[in-house]
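Model, not experiment: these values are computed from the prediction. When a ligand or atom number is given, it counts from 1 through the structure's own listing order.
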Amino acid sequence: MLLSQKIKIEVSQQDAEALEFMQAKCRGLYNWLVMKLRNGERWNLERTKKSLRESKQYDPELRFVYGKLLAEVYFRLDKAMQGFFRRVQAGETPGFPRFKPRHQFFTLCYPAMYLQVQNQTIILPTGGGGNWGPKRYKNIVAHLTEQPPQGFREVAVSRDARGHYYCSFVYDDSEEHHDHESQARPLRDEGIVAFDLGIKALAEGVTDQGRFYYIGGFKGSRYYNKQLDKIRSKRDTCKKKSRRYIHLSNVYKRVAEKKRRKQQDCLHKASHFIAGTLAERAVVIGDLSQRQMVIKKKEDETPKERRKRHIRNRMVYNDWGLYSFVQMLTYKCLRFGKELHIIDERNTTKMCHVCKRKQDMPLWKRTYRCESCGLVMDRDENSAVNIYERFLARLGPHASTV
Ligand SMILES: [Zn+2]
């Protein structure tokens with residue numbers, strides 16, 4: 001399967017300028033195309049690709065951008081448009097392609113065949129040269145801080161909020177033979193482990209042998225949020241663009257990135273544990289798309305409700321990370337040769353797993369107490385058992401199998 005390895009690169013001041021120039025031009029082209037589409041023009045990849053020549057006449061500086069990068073812009077928009085068409089057809093939220101904002105780096109995609117790597121140095125071409133006319137920027141010579149994977153297919157150049165540049169190498173792991181991750185542990189072929197994914201605990205699971213697992217998830221978001229809020233409120237008292245304002249913005253970015261990194265790291269470890277360490281071959285989770293996690297704004301909301309809504313929605317959008325967790329789990333399970341089943345999870349929290357009676361379970365109730373059969377159990381464990389049993393019986397409509 002295709003994997004990606006992101007490696008930090010070091011570039012000179014001049015090369016950084018070249019990268020910035022090229023990404024700004026690519027973004028300009030992208031946004032211009034989006035604008036035309038918004039004005040009602042029909043999308044046609046082939047025809048649009050042919051319009052590059054005119055675009056270059058209109059903006060001669062496009063010649064200083066490496067041509068393959070410009071071509072990639074068309075493919076990127078084509079992908080976005082195909083996604084849009086698909087969603088419209090499926091009756092989902094259409095999500096028309098958006099303008100790419102100025103403050104974000106527009107990712108540059110290089111096909112591998114035009115790249116040279118030698119001893120952790122990669123050469124990223126710029127536009128112009130030879131028959132193509134004068135070169136404004138020399139080809140970029142970037143130092144890779146790690147060894148890139150063998151036989152990569154394409155390289156995406158990106159920048160993080162703090163101004164560091166990265167190369168992401170896309171490669172196929174079946175072409176590579178010695179990988180510590182793919183050395184599989186013994187698997188129990190008939191083994192099943194079912195997980196309930198949640199807010200308080202990232203995941204609680206139960207196996208076919210009746211063993212429970214608790215995966216706590218990232219604990220530090222409150223600590224970081226407090227810091228971030230403080231920095232932001234301090235910054236907002238300064239004059240915009242003043243030295244102190246800029247300084248505090250940079251501190252904010254640094255702390256935010258640290259938090260994000262810790263969070264991602266935690267999700268990686270958790271998904272690695274489930275996909276790589278546990279012995280059960282089948283992993284079962286509930287289908288998140290059926291969940292209503294975000295609280296909608298009400299007309300006559302009390303201050304208390306408002307606060308609750310803010311805290312919860314911030315958690316779901318920024319700190320929770322369950323969606324990326326499921327993505328990681330999906331590809332790690334594939335890698336380790338496990339089956340990931342995503343099943344309907346409706347009522348798995350509300351239902352008693354012994355007598356199947358349902359009761360309301362607001363989030364603050366951490367323990368499931370059944371009034372009819374007297375079951376007392378952690379709510380997430382009860383839910384995990386329900387998911388497990390539903391998987392066995394395939395009672396609910398089968399959502400999908402990955
Ligand atoms: Zn019961």
Below 3.5 Å, can you tabulate the donor-acceptor pairs from side chains in residues 87-107 to any protein atom, sequence neighbours excluded?
residue: R87; atom: NE; partner: P94; partner atom: O; Å: 2.8
residue: R87; atom: NH2; partner: P94; partner atom: O; Å: 3.1
residue: R87; atom: NH2; partner: G95; partner atom: O; Å: 2.9

For the Zn ion (ligand 1), every protein N/O/S atom that sits closer than 2.8 Å, waters excluded: C352 SG, C355 SG, C370 SG, C373 SG

Verdict with supporting geometry, I215 and I274, side chain to side chain contact (heavy atoms under 4.5 Å, CB included): CA-CA 10 Å; I215 298 171; I274 294 174; 3.8 Å; yes

Pairs touching residues 212-264 that satisfy ring-ring contact (aromatic ring centres under 6.0 Å, His included), sequence neighbours left out: Y213-F273

Quiz item: cation-pi between K49 and Y74, 6.0 Å / 45°: no

Over 12 foreign heavy atoms within 6.0 Å of NZ, K56: yes

Would you give me the side-chain donor-acceptor pairs under 3.5 Å for residues 109-123, sequence neighbours excluded?
residue: Y110; atom: OH; partner: P125; partner atom: O; Å: 2.7
residue: Q120; atom: NE2; partner: Q147; partner atom: OE1; Å: 3.1

